[in-house]
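Every chain is numbered from 1, with letters handed out A, B, ... down the list of sequences. Note that the coordinates shown come from a computational prediction; the quantities given were computed from them, not determined experimentally.
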Amino acid sequence: MSIIRVRFAPSPTGYLHIGGARTALFNYLFARKNNGKFILRIEDTDFERSKREYEDVIIRDLKWLNIEWDEGPDIGGDYGPYRQSERLEIYKDYADKLIKEGKAYYCYCTEEELEIQRQLQLKEKKPPIYDRRCLNLTTKKKQEYELQGRKPSVRFLVPYKQLEFQDLIHGRLSIDTKLVSDPIILKSNGVPTYNFGVVIDDHLMEITHVIRGDEHLDNTYRQLLIYEALSWNPPFYGHIPMILAPDRSKLSKRHGATSVEELRKLGFINKAVVNYIALLGWSPKDNTEIMPINEIIEKFDLSGVLDHPAVYDIEKMKYFNHYYIANILQNTEILQALKELEKLNELEYNLQDNLKLRVIELEKNRIYLLTDFFELFDIIQYDPIFSDDILNELNNFDKNIFEIVINSLNEFDNYDDIEKIKSYLKDVAKKNNLKPGSIYKLIRLLLTGKHEGPELPKIIYFLGKKETIKRINKIKEIV
RNA sequence: GGCCCUGUCGUCUAGUGGACUAGGACACCGGCCCUUCAAGCCGGAGACACGGGUUCGAAUCCCGUCAGGGUCACCA
């Protein structure tokens with residue numbers, strides 16, 4: 001039994017999004033679970049749209065998710081190169097071989113001609129299938145085209161038959177290949193198209209299992225046919241269901257945060273994201289949800305992957321994030337993530353690690369996104385900003401309560417003990433026959449300019465006596 | 001339009017002919033706690049798309065209908 005080899009083969013035409021990340025993750029899980037190899041291959045044969053910077057972003061984001069590959073463009077391997085743009089001469093030989101054997105043919109049709117043809121067929125409500133007008137071109141006609149300056153593309157000649165294969169997720173699938181149009185395998189500029197490139201590379205890289213999105217289901221038949229023409233054994237295929245937007249349409253930018261980069265900027269934790277997307281279309285036998293990656297690997301089973309699409313629900317992912325922050329991550333891990341996040345969002349808090357760590361410890365139970373920590377950071381680092389409404393509210397407060405609050409805070413000394421702050425404030429209220437809520441509200445407003453936020457004793461604790469008094473005196477002058 | 005795939009609470013799912021009064025999680029609603037917003041704890045509401053079969057028995061098997069998605073590029 002040869003070793004299992006899988007791959008993730010993105011084209012660098014955009015950011016790594018949730019769907020791609022999940023496909024990569026399932027390949028990674030399958031490889032790790034079966035002690036196989038996971039390969040990253042860049043499919044950059046579309047020179048118009050491919051950009052090196054996208055490749056960099058994809059690699060960076062996969063790394064952020066801790067999805068690691070054994071071979072790839074950045075680290076090399078025995079089956080390289082791992083960028084299709086660096087393998088161009090390989091494909092041409094195989095295309096020539098197919099032509100020589102009569103399994104492929106030159107096509108001199110221009111893109112415009114093909115487009116007209118397609119529209120015509122569509123208009124007649126017929127499937128847009130290439131009519132093979134270039135299949136039996138005479139030498140004379142070919143020369144004529146060449147003289148016109150036309151450069152031919154190479155089309156694969158689809159043999160008509162009933163074709164079926166066993167999909168790892170959907171089971172037995174079949175189609176009548178009469179419905180499959182002869183695909184172009186080499187563009188007129190000599191660059192392979194997707195359907196040809198994957199076949200050649202998957203074979204040469206000895207890929208054993210192709211795990212990819214459902215949108216490739218129909219491509220599989222074309223690819224299977226090419227394997228057959230080349231007398232190669234095809235890999236196993238597993239088509240995982242797509243991830244849909246809440247409105248059940250294809251997930252895209254307009255549906256909010258769908259790229260890994262955006263999620264990171266919002267304050268998601270990599271482990272939480274991985275855990276969540278692993279559960280999109282798959283669940284372990286025992287229905288556990290929160291699992292560290294090694295447990296996911298251990299429990300992962302491709303046959304347990306569902307065959308119907310899943311809707312992406314960022315709210316549930318937020319809960320996972322909350323759970324990881326509150327219960328799983330070490331404070332130092334959170335601190336590290338916070339630092340990266342500050343850099344990413346171009347924020348700078350001049351707070352010592354020690355202080356940040358204390359904020360983390362005291363706040364992590366109520367935090368959903370890492371960015372939520374910044375709320376308390378802001379309070380500590382910056383003076384409050386008062387809106388007119390808040391100023392108004394402060395003016396309407398009983399001046400006596402003002403005095404009581406200021407005096408009490410001045411007399412108090414145990415600012416380094418949250419419990420003592422808490423009980424002290426309670427006592428102050430009691431002694432003066434006030435509802436605790438009223439003085440809490442006032443102090444909160446004075447210190448932060450807001451109605452909501454972290455627990456008040458915590459705020460006072462982090463501000464300390466000096467800063468607390470300073471802020472109160474400052475606002476007192478205005479009101 | 002052809003072809004292909006799919007259909008369990010709003011969402012992710014458990015379920016593989018009897019253990020289903022259909023279980024869990026997020027979200028939602030209510031309560032407790034309480035100095036705000038939360039978090040936490042407790043409770044509640046909420047689904048087998050529809051119609052036919054097969055069977056003693058169907059969420060589970062078959063057929064049809066409807067609905068959703070994918071795909072039909074010199075994009076991947």
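- You won't find any donor-acceptor pair under 3.5 Å spanning the side chain of A:Lys316 and the base of B:rA27, going by distance alone.
- Note on A:Tyr276: every side-chain N or O is 4.0 Å or more away from OP1 and OP2 of B:rC12.
- Counting only distance, with no hydrogens or angles, the side chain of A:Asp44 and the backbone of A:Gln84 share a donor-acceptor pair below 3.5 Å.
- Of the candidate nucleotides B:rC5, B:rA38, B:rU35, B:rC5 has the atom nearest to the side chain of A:Leu173.
- Taking only side-chain atoms of A:Ile175, from C-beta outward, the nucleotide of B:rU8, B:rC4, B:rG24 with the closest atom is B:rC4.
- Under a cut-off of 6.0 angstrom, the local environment of CD in A:Gln162 is crowded, with over 12 non-hydrogen atoms contributed by other residues, nucleotides or ligands.
- Across every strand in view, B:rU71 sits in a pair with B:rG2 that passes the Watson-Crick or G-U test at under 3.5 angstrom.
- Side-chain N/O atoms of A:Tyr108 and A:Glu146 include a donor and acceptor closer than 3.5 Å.
- Residue A:Gln330 qualifies as open at atom CD: its count of foreign heavy atoms under 6.0 Å is 12 or below.
- When heavy atoms are screened at a 4.0 angstrom cut-off, A:Glu115 is found touching no nucleic acid atom at all.
- In summary, the side chains of A:His216 and A:Tyr194 do present a donor paired with an acceptor at a separation below 3.5 Å, with no hydrogens or angles considered.
- Annotation for A:Lys299: atom NZ counts as buried by contact number, over 12 foreign heavy atoms lying within 6.0 Å.
- Using the Watson-Crick or G-U wobble rule with both distances under 3.5 Å, B:rA27 pairs with nothing in any strand shown.
- Close to B:rG40, at under 4.0 Å from its OP1 or OP2, lies a side-chain N or O of A:His322.
- Remark: A:His170 is in phosphate contact with B:rU6, judged by side-chain N or O atoms under 4.0 Å from OP1 or OP2.
- Taking the 5.5 Å centre cut-off and the 30° plane limit, the aromatic side chain of A:Tyr319 is not classed as stacked on B:rC26.
- Proximity of a side-chain donor or acceptor of A:Lys422 to a complementary backbone N or O of A:Pro457 within less than 3.5 Å is not detected.
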Contact pattern, 5' to 3', of nucleotides 63-76 of chain B - B, S or - by protein heavy atom under 4.0 Å: ------SBSBSBBB
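- Counting non-hydrogen atoms under 4.0 angstrom, A:Pro241 reaches nothing in the nucleic acid.
- Looking at heavy-atom distances under 4.0 Å, A:Gly213 makes no contact with the nucleic acid at all.
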